[in-house]
Amino acid sequence: MSVRKLSHSDLPALLALCLGNPQYYAFLGEEPTPDALAAEMVELPPDCLPDQKSYLGFFGADGDLVAVLDLIRGYPADGCAFIGFFMVDSSRQGEGVGSSLILRILNRLRDEGVVCVRLACVEGNEQSRRFWEKCGFVEVGTPVDQGEYRVVPMECRLV
């Protein structure tokens, strides 16, 4: 599988991948749009710089987009990383592709000196919660209101 940063030219493939996962977007109360995905590609948390963000696409041997990952290094604190978004093409779910990718990413982050990885799982999305737990994440803190939905903070310690 090849990996590279996604760009504006990848939006059609990214939109197709996201539209193929309607269950995730049902929890958000919205559907993905090209404009929303383009904004997500460059969106940063407070006090973060663009070079901290990697919006990556994982491509199969056939060149098709298999998965996408939004990763912020050094957030919410030094020595941490934050997964803002991770999605696997629905046709590849249940094959171990997602957990294999996440475990590779966690190992690479550990090698880079990252000590914990955090994310926010949409409350009620049990499929997503089970996936993250299988990858070594545990719930930390209390759910946070995001307006239309709530998220549960999760963390994986790498040391």
Go through the steps for Ser99 and Phe131 under the test side chain to side chain contact (heavy atoms under 4.5 Å, CB included), then give the verdict.
CA-CA 7 Å; Ser99 54; Phe131 169 80; 4.0 Å; yes
Same cluster or not: [X] versus [Y], using hydrophobic residues (I, L, V, M, F, W, Y) connected whenever any side-chain heavy atoms lie under 4.5 Å apart?
X: Phe27; Y: Leu17; result: yes
X: Ile102; Y: Met87; result: no
X: Ile72; Y: Leu106; result: no
X: Met1; Y: Leu56; result: yes
X: Val117; Y: Val3; result: yes

Donor on one side chain, acceptor on other, Ser91 and Asp89, under 3.5 Å:
yes
Between Arg104 and Asn107, do the side chains contain a donor N or O and an acceptor N or O under 3.5 Å apart?
no
[atom1] of [X]: more than 12 outside heavy atoms within 6.0 angstrom?
X: Asp78; atom1: CG; value: no
X: Glu133; atom1: CD; value: yes
X: Asp111; atom1: CG; value: yes
X: Arg108; atom1: CZ; value: no
X: Glu148; atom1: CD; value: no

Side chain to side chain contact (heavy atoms under 4.5 Å, CB included), that's the test. Do Lys134 and Arg130 meet it? Break it down for me.
CA-CA 6 Å; Lys134 184 172 94 173; Arg130 284 190 307 273; over 6 Å; no
Parallel, tilted or perpendicular: which describes the rings of Tyr55 and Phe85, with under 30° parallel and over 60° perpendicular?
parallel
When the ring planes of Trp132 and Phe137 are compared, do they come out parallel, tilted or perpendicular, using 30° and 60° as the limits?
perpendicular
Quick one, [X] and [Y] - any side-chain contact, counting heavy atoms below 4.5 Å?
X: Phe58; Y: Ser2; value: no
X: Leu19; Y: Pro32; value: yes
X: Leu28; Y: Val122; value: yes
X: Met41; Y: Leu6; value: yes
X: Pro143; Y: Val151; value: no
X: Asp70; Y: Glu43; value: no
X: Leu37; Y: Leu11; value: yes
X: Leu14; Y: Val68; value: yes

Of all the heavy-atom pairs spanning [X] and [Y], show the shortest one and how long it is.
X: Asp145; Y: Gly147; answer: OD1-N, 3.3 Å
X: Leu65; Y: Gly57; answer: CD1-CA, 3.7 Å
X: Ala81; Y: Val114; answer: N-CG1, 3.9 Å
X: Leu158; Y: Arg110; answer: O-NE, 2.8 Å
X: Gln93; Y: Val88; answer: NE2-O, 2.8 Å
X: Gln127; Y: Gln23; answer: OE1-OE1, 3.0 Å

Determine, stepwise, if the pair Tyr75 / Phe82 fulfils ring-ring contact (aromatic ring centres under 6.0 Å, His included).
CA-CA 6 Å; Tyr75 179 80; Phe82 188 85; 5.7 Å; yes
Is there a donor-acceptor pair under 3.5 Å between the side chain of [X] and the backbone N or O of [Y]?
X: Glu155; Y: Arg118; result: no
X: Asn21; Y: Tyr24; result: no
X: Lys53; Y: Leu44; result: no

With side chain to side chain contact (heavy atoms under 4.5 Å, CB included) as the test, would you mind laying out the steps for Phe59 and Val66 before giving the verdict?
CA-CA 5 Å; Phe59 296 85; Val66 173; 5.9 Å; no
So does Arg73 pair up with Glu112, basic N to acidic O under 4.0 Å?
yes
Report the C-alpha separation of Asp10 and Arg4 in whole Å, then their side-chain angles, then the decisive distance to 0.1 Å, and conclude whether the side chain to side chain contact (heavy atoms under 4.5 Å, CB included) test is met.
CA-CA 11 Å; Asp10 295 305; Arg4 66 173 168 78; 2.8 Å; yes
